[in-house]
Protein chains: 2
Amino acid sequence: MSVTINDIAKAANVSPSTVSRTIANNPRISKKTRERILKLMEEMNYHPNMIARSLANKSTKIIGVVVTGSTEKAFQHPFFPEILSGIASIAYKNKYKILISSVNSATEEKKVVTEFAKSGITSGIILLASRVKNPSVDELKQMKFPFVVVGRPESEREVNWVDNDNVCIGYDLTKHFIERGYKEIAFLGASPEFNVTLDRLEGYKKALQEHNIPIRDELIVNGKFVEDTGYALIQELIGRGIMPNAVIACDVLLAFGVIRYLNEKGMKVPDDIAVAGVNNVPLDEYFNPPLTSVDVNAFSLGAKAFELLLADMNKEYTSFDRAIVPAKLIVRKST
Amino acid sequence: MSVTINDIAKAANVSPSTVSRTIANNPRISKKTRERILKLMEEMNYHPNMIARSLANKSTKIIGVVVTGSTEKAFQHPFFPEILSGIASIAYKNKYKILISSVNSATEEKKVVTEFAKSGITSGIILLASRVKNPSVDELKQMKFPFVVVGRPESEREVNWVDNDNVCIGYDLTKHFIERGYKEIAFLGASPEFNVTLDRLEGYKKALQEHNIPIRDELIVNGKFVEDTGYALIQELIGRGIMPNAVIACDVLLAFGVIRYLNEKGMKVPDDIAVAGVNNVPLDEYFNPPLTSVDVNAFSLGAKAFELLLADMNKEYTSFDRAIVPAKLIVRKST
DNA sequence: TTTGTTTGTGCAACCGTTTGCTCACTTTCT
DNA sequence: AGAAAGTGAGCAAACGGTTGCACAAACAAA
């Protein structure tokens with residue numbers, strides 16, 4: 001088997017405690033002993049057993065990242081890799097590892113979250129989907145297990161979270177259209193289960209009101225953050241005889257679906273209908289036409305999320321914290 | 001703290017062993033006792049401590065996925081989420097968790113791989129970058145630690161691996177161009193450190209030879225799998241006065257870079273230069289123009305990789321195995 | 001009744017580390 | 001010189017499980 005602390009202890013003629021303390025850099029070990037042991041560890045190619053260490057410590061250097069959405073699709077959303085990079089970059093600096101799990105439903109999410117927390121395998125959790133009602137959040141709160149949610153949760157004062165200012169995003173996009181003379185602006189949201197939809201919608205309405213444009217409920221439709229939905233939603237809208245001259249898609253995939261439909265039907269973007277999305281991805285630029293979108297800065301969202309989590313795990317504060325990551329409207333040819 | 005096996009044992013008036021055996025579904029426990037204990041576990045909200053269990057078992061239900069590439073960019077390649085989904089979907093079915101780590105260099109990779117293996121935290125590893133020379137592979141082989149590499153490794157007979165038939169991919173793409181009358185076909189590869197470049201190049205040459213088209217070395221250039229490189233490579237090529245009428249890009253990002261350059265310079269794709277990429281992504285379709293590319297079926301690559309790993313961990317075979325995942329040329333308007 | 005099986009459970013060692021406490025040996029102070 | 005303080009290291013119990021072996025009880029066969 002692998003070489004253990006005991007093997008080192010024997011070879012060095014000391015007790016295992018001494019070796020352990022050497023590893024922990026305990027000042028009670030003399031320089032001479034320490035060096036002798038370190039040398040032996042090197043020679044014998046010793047690597048500490050994290051599992052045993054975790055058991056003794058009752059803590060690990062692993063955090064769990066839980067992605068809720070269709071198992072096969074969740075990772076594929078352009079948002080995911082970027083936020084994961086953000087998490088990973090800070091985790092890496094702090095020598096944390098990342099355990100990821102994708103789940104299909106809120107029920108499964110709760111199961112996974114409970115397992116992560118109770119099994120002792122992770123020391124903290126980042127939740128990547130925030131429904132308005134989220135049983136996992138309640139569960140974690142009640143267990144007092146460190147966690148951060150990405151996306152504003154319901155009980156925003158009692159949990160750590162990071163998000164953009166989604167009201168602002170909705171507002172900015174709408175205003176952008178209004179300023180360019182568009183008035184029939186459709187709003188394609190994701191499911192109203194998510195705060196992100198509600199918040200962006202709020203911003204949308206606010207902008208319309210400020211500019212004295214009536215809010216037309218029939219211009220507001222909801223679906224999911226997948227590409228097919230964008231296609232279906234705009235098709236349905238136009239099928240009902242409702243013809244917007246601008247479309248705000250709450251997600252880049254939604255926007256792609258919309259444009260695909262419009263292209264197929266021979267409608268010109270932005271001449272016939274202007275389209276803007278949220279979640280800037282590198283590819284937006286190559287799009288036909290290049291897509292105006294809001295860069296939500298997913299990398300920072302991830303990085304911030306980990307920072308908050310780290311602080312929570314280290315019990316650096318007793319109250320809850322949040323971070324609002326600035327988003328930026330990037331105007332391209334689609335509007 | 002959390003409720004343990006001992007708490008259950010006390011409550012049920014049995015020994016911890018009995019509880020442990022109940023969990024393990026050991027047939028030596030009577031039905032009556034089993035049911036009493038299961039009920040208590042439910043009531044007392046017991047969750048097994050994975051760490052303790054792993055320590056006793058000397059194995060975990062966690063596999064490590066190591067991505068080599070720039071830490072901040074590695075996850076962002078469209079290839080990654082898809083392959084990760086593939087891994088995750090099979091892992092999920094087998095109740096495995098996934099620990100991911102991105103590293104910047106072969107040296108770091110080896111460090112992480114060693115840690116994953118020796119620390120006991122993972123029971124198997126999937127390597128997501130296969131250089132021709134890969135010290136991690138040697139390390140893992142020598143430790144006899146279960147692992148699978150995605151991409152054909154150097155010592156292909158002594159490790160488990162999955163890949164496409166890259167010679168075939170190179171061949172098909174080249175043939176596709178030749179059949180459409182293109183003869184000045186440039187080949188943009190990634191670094192020759194990777195077998196994938198070498199194999200596709202081999203296929204490229206083979207196709208040319210079969211059709212009696214001379215191989216012109218100046219049409220063959222290498223870079224990295226990032227978007228900027230595509231731009232730079234084609235710029236350099238054309239700058240040197242070499243004007244291909246078709247370009248094979250070994251990666252979709254490379255292809256995007258090429259097209260960006262061509263668009264900027266006012267060249268028409270495919271009229272002036274035809275472009276094809278590898279690694280079909282959903283967005284290829286929306287591209288301007290829609291990009292001909294080879295779908296490498298990354299999801300299957302991931303799924304197969306996990307299946308092989310699982311078999312290895314379970315010692316289901318003693319020899320090494322491999323899987324070749326079929327790739328498919330998807331012709332769109334860019335060629 | 002004795003012997004042999006089968007069945008269900010407990011004992012105790014073990015997995016590899018950590019850590020509170022104890023203790024022997026120095027050093028320093030009075 | 002004796003006491004107090006400081007230093008370096010070991011003992012043993014924990015962390016929460018698993019498992020080989022022993023063993024008692026129940027039952028069957030002789």
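Throughout, protein chains are lettered first and strands after them, A, B, ... in sequence-line order, and every chain is numbered starting at 1. Below, each value reflects all heavy atoms present in this structure, side chains not excepted, and no hydrogens, waters or symmetry copies.
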Whole angstrom value for the distance that separates [atom2] of [N] from [atom1] of [X]:
{"X": "B/Ile51", "N": "D/dG16", "atom1": "CD1", "atom2": "P", "answer": "12 Å"}
{"X": "A/Leu55", "N": "D/dA13", "atom1": "CG", "atom2": "C1'", "answer": "13 Å"}
{"X": "A/Lys58", "N": "D/dC15", "atom1": "NZ", "atom2": "P", "answer": "7 Å"}
{"X": "B/Asn6", "N": "D/dA14", "atom1": "CG", "atom2": "P", "answer": "12 Å"}
{"X": "B/Ile5", "N": "D/dT19", "atom1": "CD1", "atom2": "C1'", "answer": "12 Å"}
{"X": "B/Arg53", "N": "C/dG16", "atom1": "CZ", "atom2": "P", "answer": "18 Å"}

- Criterion side chain to side chain donor-acceptor pair (under 3.5 Å) against B/Ser136, the qualifying member of B/Lys111, B/Glu109, B/Lys110: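 When side chain to side chain donor-acceptor pair (under 3.5 Å) is applied between B/Ser136 and each of B/Lys111, B/Glu109, B/Lys110, only B/Glu109 qualifies.
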- Item | DNA chain D contacts made by residues 17-37 of chain A, counting heavy atoms under 4.0 Å |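 Within this stretch, A/Ser17, A/Thr18, A/Arg21, A/Arg28, A/Ile29, A/Ser30, A/Thr33 sit under 4.0 Å of the strand.
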- Task: Look at A/Thr4 and C/dG16 and indicate whether a side-chain polar atom (N or O) is within less than 4.0 Å of OP1 or OP2.
- Result: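 For A/Thr4, the contact criterion (side-chain N or O under 4.0 Å from OP1 or OP2 of C/dG16) is not met.
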- Cationic N near anionic O, under 4.0 Å, B/Lys93 to B/Glu307: no
- Is the closest basic N to carboxylate O distance between B/Lys39 and B/Glu35 below 4.0 Å?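 Answer for the salt bridge query: no.
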- A/Val14, nearest nucleotide to its side chain (from C/dT17, D/dT18, D/dG10):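 The nucleotide sitting nearest to the side chain is D/dG10.
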- Task: Could you please name the option among D/dT18, D/dG16, D/dC11 that lies closest to any side-chain atom of B/Asn57?
- Result: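 Looking only at side-chain atoms, B/Asn57 lies closest to D/dT18.
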- Query: Taking side chain as C-beta onward, heavy atoms only, is A/Ile125 less than 4.5 Å from A/Val113?
  - Reply: yes
- Query: Is the backbone of A/Val162 close enough, under 3.5 Å, to the side chain of A/Arg152 for a donor and an acceptor to pair up by distance?
  - Reply: no
- Message: Ignoring hydrogens and geometry beyond distance, is a side-chain donor-acceptor pair present between A/Thr60 and A/Ser123 at under 3.5 Å?
- Response: yes
- Message: Under 4.0 Å, counting only non-hydrogen atoms across every strand here, what does A/Asp7 touch: a base, just sugar-phosphate, or nothing?
- Response: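 Contact class for A/Asp7: none.
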